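Keep in mind that this is a model prediction, so the values were computed, not measured. When reading the values below, keep in mind they use all heavy atoms of this one structure, side chains included, and skip hydrogens, waters and symmetry mates. Position 1 is the first residue of the sequence, and the numbers go up from there.
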Amino acid sequence: METHETLPQIISVDDHTVEPPGVWQDRLPAKYRDTGPRIVRAPVERMTFVGGKFAPKMGTPGGDGPQADWWVYEDLHRPLTRLDTAVGYARDEIRLEGITYEQMRPGSFSVPERLADMDVNHVQSALCFPTFPRFCGQTFTEAKDRELGLLGVRAYNDWMVEEWCGPQSHGRLIPLTLIPLWDPELAAAEVRRNAARGVRAVCFSEIPPHLGLPGIHTDHWDPFLRACDETGTVVAMHIGSSSKMPSTSADAPPAVGSTITFANCCFSMVDWLMSGKFDRFPNLRIMYAEGQIGWIPYILERADIVWQENRAWGGVAEKVLRPPSELFAGHVHGCFFDDAFGLKNLDAIGVGNVLYETDYPHSDSTWPRSRQVAEEQMGHLPADVVERLVRRNAIELLGLTAEGLWGESAGRG
């Protein structure tokens, strides 16, 4: 990079939306509005996050104490928290506490303000993961009423495509949809329904067995994977999408888990590389959001050694037909927002396998300094490599227009 002005506009493949209060109330049938997701303002009676487990307790609405807006759905009570939307606050002010919509930055849930905050941050386009449904729709998977859960998934997807990424976003917000994880045939149908309207990315769990679901070493997920393969839909997995963040003990402080969040992506990637799925579904692409990239070279080296030396007893000789590093190069994308070590080892990862993100509006976000962070960490790289990392790889993976927008080339008029 020659000068400060040369950084191309960023396409972030991992930001987040905080869903407005009416997403489900505006779309669910009337009979479900009292049990479907809705916002209730109530005190926070208790809230802890220890050993990787988040445990909030809602007080009685109208009662005394710190107030928060809570998502209520069947028996679930989940508060909006400062960690959901921390941008604009000093690091020492970002605590584990409940908040209301009025206490968060409007760009968290409102498209015009989001676009303005993207402008401040040198971001052209962004792919946004959900908040209340959690990172792959676990909230609906854990619910008792499957019919309501399916309607909840579809309502979210309709809101995501038609409103969040609708005309007011001017193609700058890129849709990322959910599936009903409890039924791979229904999941496949939902992938195809959304692909028909230009969606090219879908959320999935990094480690499905942590959700009580089958792993990817069986054929359970094949209908879903076939739909992704045939429609060019990227399987997007965010850290925490297994509802189990890495930790070491029940009393470990959150800082332990925050340091090793990449571990879930690491375990998941080895799962996929040793699953045989990439040979069965040659067009399949997966990406790991917020997992960073510095750990990837060693894992590829080790996986190749195991595949070469231990495959006779390792259970992969008949299904993994190529070296894992070769499978990675053709099918896997790592995403980062702050990883100077990974960038120094980019050749061992692959320039075409790396995507950039800003993580707005979470506490880890580099907003509003994402441009400066990129310039500082990528200053040693040629301009064409920087351009690939911050936008062109995302354009190619997500089927965006040449200008980096979600538009006609993605099937949207």
Side-chain angles (χ1 to χ4, degrees), residues 13-14 16 49 51-54 129-131 133-143 153 176-184 187 191 201-225 228 233-250 252 254 256-278 280-281 284-296 298-300 302-303 306 314-316 319-320 324 327-328 331-336 357 364:
V13 296
D14 171 32
H16 298 265
F49 186 26
K53 183 176 177 59
F54 179 51
F129 283 81
T131 298
R134 310 217 301 283
F135 294 148
C136 67
Q138 305 101 298
T139 298
F140 296 110
T141 301
E142 295 166 0
V153 167
L176 173 63
T177 52
L178 303 175
I179 55 170
L181 287 162
W182 59 91
D183 187 321
V191 167
V202 63
C203 298
F204 191 63
S205 174
E206 60 205 350
I207 308 175
H210 286 340
L211 302 179
L213 299 168
I216 62 165
H217 297 288
T218 70
D219 61 2
H220 175 84
W221 296 106
D222 284 6
F224 163 66
L225 299 179
C228 293
T233 300
V234 179
V235 178
M237 294 170 282
H238 194 286
I239 57 165
S241 56
S242 60
S243 295
K244 185 177 180 181
M245 294 297 286
S247 191
T248 55
S249 63
V256 172
S258 184
T259 302
I260 58 175
T261 50
F262 75 92
N264 277 2
C265 296
C266 175
F267 297 162
S268 175
M269 191 178 83
V270 175
D271 241 1
W272 280 89
L273 293 177
M274 298 299 186
S275 70
K277 297 302 183 186
F278 296 134
R280 293 192 60 199
F281 302 107
L284 191 63
R285 301 290 183 274
I286 67 174
M287 59 168 271
Y288 288 102
E290 209 170 318
Q292 311 301 343
I293 59 174
W295 52 272
I296 292 175
Y298 171 71
I299 292 299
L300 295 181
R302 177 61 184 166
V306 169
V316 296
K319 63 179 181 178
V320 182
L327 297 173
F328 174 88
H331 299 272
V332 185
H333 297 263
C335 311
F336 79 101
E357 58 186 52
D364 266 342

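The shortest non-hydrogen separation linking Ile293 to Gly334 is CG2-C, 3.9 Å. Nearest heavy atom pair, residue Asp222 against residue Lys277, reads OD1-NZ, 2.8 Å. Contact between Ala236 and Leu176 at its shortest, heavy atoms only, is CB-CD1, 4.0 Å. Nearest heavy-atom pair, Gln138 versus Gly240, reported as atom, atom and distance to 0.1 Å: NE2-O, 3.5 Å. In this structure, Pro130 and Cys203 approach most closely via the heavy-atom pair CD-SG, 4.0 Å.
You'll find the side chain of Trp272 stays beyond 4.5 Å of the side chain of Leu327, heavy atoms only. Considering only heavy atoms from C-beta on, Arg280 stays 4.5 Å or farther from Leu225 through its side chain. Here the side chains of Met269 and Trp295 are in contact, with some heavy-atom distance below 4.5 Å. At least one side-chain heavy atom of Asp14 sits under 4.5 Å from a side-chain heavy atom of His16. Within the 4.5 Å cutoff, the side chain of Leu273 has heavy atoms near those of the Leu300 side chain. Looking at heavy atoms from C-beta onward, Pro133 lies in side-chain contact with Phe140 at the 4.5 angstrom threshold. Within the 4.5 Å cutoff, side-chain heavy atoms of Pro324 are placed close to those of Met274. The shortest side-chain heavy-atom distance between His220 and Pro184 falls under the 4.5 Å cut-off.
Separating the CZ atom in Phe204 from the CZ atom in Phe224 is a distance of 5.5 Å, to the nearest 0.5 Å. Going from atom OG of Ser205 over to atom CD1 of Ile179 covers 9.5 Å, rounded to the nearest 0.5 Å. Here the CE-CD distance, from Met287 to Glu357, works out to 7.5 Å after rounding to the nearest 0.5 Å. Atom-to-atom distance recorded for Asp271:CG and His217:NE2 is 3.5 Å, nearest 0.5 angstrom.
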Side-chain polar contacts of residues 260-267 - donor-acceptor pairs under 3.5 angstrom, sequence neighbours left out - could you list them?
unit_1, atom_1, unit_2, atom_2, d
Asn264, ND2, Glu206, OE2, 2.8
Asn264, ND2, Lys244, O, 2.9

- Task: Quick one: do Leu211 and Cys136 satisfy side-chain contact (heavy atoms from CB on, under 4.5 Å)? Show the steps, please.
- Result: CA-CA 11 Å; Leu211 302 179; Cys136 67; 4.1 Å; yes
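Note: Phe54 and Phe49 have perpendicular aromatic rings, judged against thresholds of 30 and 60 degrees for the angle between ring planes.
Put simply, the side chain of Thr233 never gets that close to the backbone of Cys228: no donor and acceptor are under 3.5 Å apart.
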